[in-house]
Amino acid sequence: MDVEILSRIQFAFTIAFHYIYPPISIGLGVQLVLMQAFWLKTRNPLYHNMARFWTRVFGLSFAIGVATGIVMEFEFGTNWATYSRFVGDVFGSPLAIEGIYAFFLESGFLAILLFGWDKVGPKTHFFATCMVCLGAHFSAIWILVANSWMQTPAGFHLAKKVKETADGVQHDFNADLGDIPYKVLEVPLPEGYILQEGDLTSIRAVVTDFWEMALNPSTLDRITHTVIGCWLTGAFLVVSISAFYLIKKRHVKFAQTSLKFGLAVGCIASLLQLVSADSTARGVADNQPVKLAAIEGLADSTTEAPLGIAGIVMWDKDDEGNIVGIKEYSFKIKGMLSILVDGDFLHPVEASKTMVKGLNDLPSDEFILERHPGATPEEIKKIRPEYWPNVPVVFQTYHLMIALGMGLIGISVLGVILWKTGHLFRTDIKWVRWFLWILVISVFMPQVANQAGWFTAEMGRQPWVVYEILKTSEGLSKAVVAGQVLSSLIMFAFVYLLLFLVFIYTLTKKIHHGPKDDESIEILPEKWRPIALKGGRHTSAGNDAEDQPDLSGKSSPGN
Amino acid sequence: MDLNTTWFILVGVLFTGYAMLDGFDLGVGILHLFDKSDTNRRIHLNAIGPVWDGNEVWLVTGGGALFAAFPEVYATAFSGFYDAFMMLLCALIFRAVAIEFRSKEKFGWWRKGWDIAFTFGSVLSAFLIGVAMGNITWGIPLDKHHEFTGNFLTLIHPYSVFLGITTVALFAMHGNIYLILKTEGELQAKLRRWIKITIPIYVVCFLIFNFWTIYACPHIQQAIAGRIPVLVIVATLAVLAVGAIPREVHKGREGRAFIFSCAQMAFLMMLFGISVYPNMIFSNPDIANSLNIYNGSSTDKTLSFMFWVALIGVPIVLTYTACVYYIFRGKVKLTEESY
């Protein structure tokens, strides 16, 4: 295997593994803020108990998230040095801003969140929790700014570096001027300049407008979509563990209340995700038509384009094994894709007339002619598949994500209905126990959906690392050989497998150990106690019966 | 002062912050295995527990700032030092998770395993950081496109290895002082005995390293020739700061000793900066291919935008970092939340 494929595998592997943990931190962070807010408002020790338990789970995933996150930042330089040289002026800023405005915030206040229980007062502690949560969100925002720029680059131009000597003469950047002093100038290239072979030693992307770069056409949609995905991840982790306790009749009061928090956020987030998904997909249709055609497995341009629900896409190859098209078999709703792309749900008939381009017309002939001047129509047809992503994989990951998203909506809405009708905690009913088991398993759904979505987004962009500007294969490090990447890949595979096993083991142990049921007023840290006692007296009368603190020290066996 | 020089200093400040702060974390790790007692080892971990994560962010942010301000330097260094950086990543990962996982189980083998991971991760991190610095001072072969043309063995030579050892010694001393500051009683007495070993080792390394640099690096002799006055001042301050450490430790003023230890790191980084400026990666043997703060930088537009970003961000960061250190001041007490 060569450096390219190994570096691709390494990047995909390390980011996929890393991306298990930040969504947990972001999503659980929201849960912690809510739990602590309830605790501050009601002074009900149950909420305090919840906040403490979920903070322990949070700390665990945070540690691995940090440890594996450093890898991601280094890998741009180690494996993708040519890419880094080319985009550093544009792409480095969001990463640096992430460091200064997100990581420091997160890690600084994390100390107070994890270890500050008896060092600071409840309000300061709540503030720290909010800051950690905010920091985690900032981190997601800036990394998505950087990533979205790769998807839909904006706010920059390509510039050629030249050397200018004191006499005003400009020399090629790679010219050897010996000891003659020179200045480096950046000469902007005309818009739409296409990179030629060998250009990368003297041409790079240069920021023209930072905010246009940061708020490029896909940034806001992708931030919303990803952050909501993270909220779902955190919410369903809480839902899953709580449902498990309910089934096992352990920590019942704790589990019931936690489950409500998880379901409430899960339900709101999954419904919001539907809106965000629609908006994101329409952005893809506008900005990355090839990706849209790939995720829907659409071969021919058509009006009344169908929306595939599930199916299979395969490459169509000629006798020599070259890709000439795709074969697609799926259940579909006629015209639905056109309507979704058009976005006019009130006039479906007109909307279904919207033309959606298929892979056989994408990228356009003009686009290919610019890069392959003088190609005949026959040749264009042959060249075209070079500019397609891996359609079968993109199609499957996308549909997996959609299926899981729909499943999450179904589960969380049903959960809320059962909660409101008073059935959710009736563990004596068999079908309720079945539903709770589904909730236990549901923890994997947002996780798999996150991964599938990430793969759709990143693989759907291929062969480009910077969309329609720089190919992934051109961004590799020149100083690195395959053996180096292979050995580091093996190292990561080994280390990450070990980490994952240890994570699962300690998480299981924490779940088994559970919250301390007697973690009530008496054992609260000294600083917190007077407020708790005072607050407890004030609010206990007004509370709904279900929210009464469980001070007995024992779990009640269901409702 | 132009923007490029400002960013040269800013990146230097970030890495100095990293050395001062994560330096003592790594130092604690280097000393960790020398103490056999489980309670003492837990105290080690909890001495850095609340702050190590924040300290490591200085490295991440330093890397990010290097990427934004000097992308060529970032790309050349990281791809050129590929194997070394991969080992560094492995070491940092193990160190980080060892802190988190060690006390989650009581089995001897579990704790011993993570203790070893913690120490080896710390020693290897400190050593590799030193080796990388050594190579930047000594010079590495670059072609005219600033691509590294050597291999892993090119990076391993007596000078860089010795700076690696010096860095381990430096962090061990720094971590030792920090631990004395955070402990009491018998453990503190033990650490006071250790400091009588860690300080001399470092001082000897420090002296050898400085003479070696001046003697064996002609480009550094050249660079500093025009900067003698400022160099002499900073070097004197560095020597004074190093000299003050044993005195303050002897008098039982660990707080001051720690500050002097931080100060001498800052002076050393300043010496490093003065000696290499304006080069960032010196190319040896082809001097003309060196990367400096001009041919390796981003555009003025990015540099000035990022300057304002840093100007607003860094004071905020320093403020709450100081608050966190203030909240967790005093001796380590093992509690329920402890590792």
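Hydrogens, waters and symmetry mates are skipped; everything else that's a heavy atom, side chains included, is used. Residue numbers begin at 1 in each chain, while the letters A, B, ... track the order of the sequences.
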Taking the inter-plane angle between the rings of A/Phe109 and B/Tyr320 on a 0 to 90° scale, is it parallel (under 30°), tilted (30 to 60°) or perpendicular (over 60°)? tilted

Which bit of B/Phe148 comes within less than 4.5 Å of chain A, counting heavy atoms only: side chain, backbone, both or neither? both

So, the side chain of A/Tyr101 versus the backbone of B/Gly313: is there a donor-acceptor pair under 3.5 Å, distance only? yes

Pick one of side chain, backbone, both or neither for A/Phe492, based on which atoms fall under 4.5 Å of a heavy atom in chain B. side chain

Is B/Thr76 in contact with chain A via its backbone, its side chain, both, or neither, using a 4.5 Å heavy-atom distance? both

Can you tell me how the ring of A/Phe76 sits relative to the ring of B/Phe67, calling it parallel under 30°, perpendicular over 60° and tilted otherwise? tilted

Roughly how far apart are B/Met306 CE and A/Ile97 CD1, rounded to 0.5 Å? 4.5 Å

How close do B/Ala75 and A/Arg85 get, heavy atom to heavy atom, and via which atoms? CB-CG, 3.6 Å

Which region of A/Ile100, side chain (C-beta onward) or backbone (N, CA, C, O), has a non-hydrogen atom less than 4.5 Å from a non-hydrogen atom of chain B, or is it both or neither? both

The single option from A/Leu489, A/Val485, A/Asn79 passing side-chain contact (heavy atoms from CB on, under 4.5 Å) against B/Met86: A/Asn79

Checking A/Asp89 side chain against B/Thr299 main chain: does a donor-acceptor pair fall under 3.5 Å? yes

Can you tell which part of B/Leu303 gets under 4.5 Å to a heavy atom of chain A, answering side chain, backbone, both or neither? neither

Okay, B/Phe81 and chain A: the region with an atom under 4.5 Å from a heavy atom over there is neither

Contact origin within B/Ile327 toward chain A - heavy atom pairs under 4.5 Å: both

Decide, yes or no, whether a salt bridge links A/Glu186 with B/Lys301 under the criterion of side-chain N to carboxylate O below 4.0 Å. no

Turns out that what part of A/Val207 lies under 4.5 Å from chain B's heavy atoms comes down to both

So, the part of A/Thr506 with a heavy atom under 4.5 Å from chain B: the answer is side chain

Between A/Val71 and chain B, with a heavy-atom cut-off of 4.5 Å, which part of the residue counts as in contact: side chain, backbone, both or neither? both

Measure from the side-chain N and O atoms of A/Glu73 to the backbone N and O of B/Gly64, and report whether any donor-acceptor pair falls under 3.5 Å. yes

Please look at A/Phe103 and chain B and tell me whether the side chain, the backbone, both or neither of the residue comes under 4.5 angstrom of a heavy atom of that chain. both

Given 3.5 Å as the limit, does a donor-acceptor pair link the side chain of B/Tyr74 with the main chain of A/Gly77, or not? yes

Between B/Ala96 and chain A, which part of the residue has a heavy atom less than 4.5 Å away: side chain, backbone, both or neither? side chain

Taking A/Ser477 for the side chain and B/Ser79 for the main chain, is one N or O donor matched with an acceptor at less than 3.5 Å? no

Region of B/Val309 in contact with chain A, defined by heavy-atom distances below 4.5 Å: both

Please determine whether a side-chain nitrogen of the Lys or Arg among B/Glu72 and A/Arg204 lies less than 4.0 Å from a carboxylate oxygen of the Asp or Glu. no

Aromatic ring pairing B/Trp110/A/Tyr505, orientation class (parallel under 30°, perpendicular over 60°, tilted between): tilted

Which region of A/Lys161, side chain (C-beta onward) or backbone (N, CA, C, O), has a non-hydrogen atom less than 4.5 Å from a non-hydrogen atom of chain B, or is it both or neither? side chain

Side chain, backbone, both or neither: which part of B/Val317 has a heavy atom under 4.5 Å from chain A? side chain

Relative to chain A, which segment of B/Glu100 carries a heavy atom at a distance below 4.5 Å: side chain, backbone, both, or neither? side chain

Backbone of B/Lys104 reached by a side-chain donor or acceptor of A/Lys509 within 3.5 Å: yes

